[in-house]
Amino acid sequence: MEKPRIVLKFIWMEKNIGIVLDQVIPSHGTLPVSPYYFWPRKDDWEELKVLLESKPWISQKQMIILLNQSTDIINLWQRSW
């Protein structure tokens, strides 16, 4: 049986990029874990970090991976404009 996992989802827009954290539960669907954070309107990386730190069931390793993925996508979005 597959374990639930945490994923980042993105909304790629012209002037903003939206980032949301979801939990995928196999055979059941997806549950939102966070609201959408829109960069550059807010420092979504910092808000995402605070949210991840508040979830004791998310490991430190997983938190670092998710934050690094967020940074990579934001950097890619910035280079596209």
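Note that these values count all heavy atoms, side chains included, but never hydrogens, waters or copies made by symmetry. All values derive from a computational prediction rather than experimental measurement.
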Report summary line: Heavy atoms of G18 and M13 approach each other most closely as N-CE, 4.3 Å
Query - In one Ile/Leu/Val/Met/Phe/Trp/Tyr side-chain cluster, 4.5 Å: W57, L21 - result: yes
**Report entry** Which atom of F10 lies closest to which atom of Q69, heavy atoms considered
**Finding:** CZ-O, 4.5 Å
Query raised in the report: With K55, which residues qualify under side chain to side chain donor-acceptor pair (under 3.5 Å), at least two apart?
Result: none
Query - Any L48 side-chain heavy atom under 4.5 Å of L52 side chain - result: yes
Query raised in the report: When rounded to the nearest 0.5 angstrom, what distance separates CD1 in I17 from OH in Y36?
Result: 11.0 Å
Report task. Could you pull out the closest heavy-atom pair between Q23 and V33, with the gap in Å? Result -> N-CG2, 3.7 Å
Query raised in the report: Do you know which two heavy atoms are closest between L8 and S70, and how far apart they sit?
Result: CD1-N, 3.7 Å
Query raised in the report: According to a 4.5 Å side-chain heavy-atom criterion applied to Ile, Leu, Val, Met, Phe, Trp and Tyr, with indirect links allowed, do F38 and V20 form part of one hydrophobic cluster?
Result: yes
Report task. State yes or no: do L66 and V24 share one hydrophobic cluster built from I, L, V, M, F, W and Y residues joined by side-chain heavy-atom distances below 4.5 Å, directly or via other members? Result -> no
Query raised in the report: When rounded to the nearest 0.5 angstrom, what is the spacing between CD1 in I6 and CG in L31?
Result: 9.0 Å
Report task. Tell me whether W39 is reachable from L51 by hopping between hydrophobic residues (I, L, V, M, F, W, Y) whose side-chain heavy atoms are closer than 4.5 Å. Result -> yes
Query raised in the report: If you measure from CD1 on I25 to NZ on K3, what distance do you get to the nearest 0.5 Å?
Result: 13.5 Å
Query - Under 3.5 Å: donor-acceptor pair, side chain of T71, backbone of L67 - result: yes
Report summary line: Heavy-atom closest pair (W77 atom, P40 atom, distance to 0.1 Å) is CH2-CD, 3.9 Å
**Report entry** Transitive ILVMFWY side-chain link W12 to I74, under 4.5 Å
**Finding:** yes
Report task. Would you please name every residue forming a side chain to side chain donor-acceptor pair (under 3.5 Å) with E53, sequence neighbours left out? Result -> K49
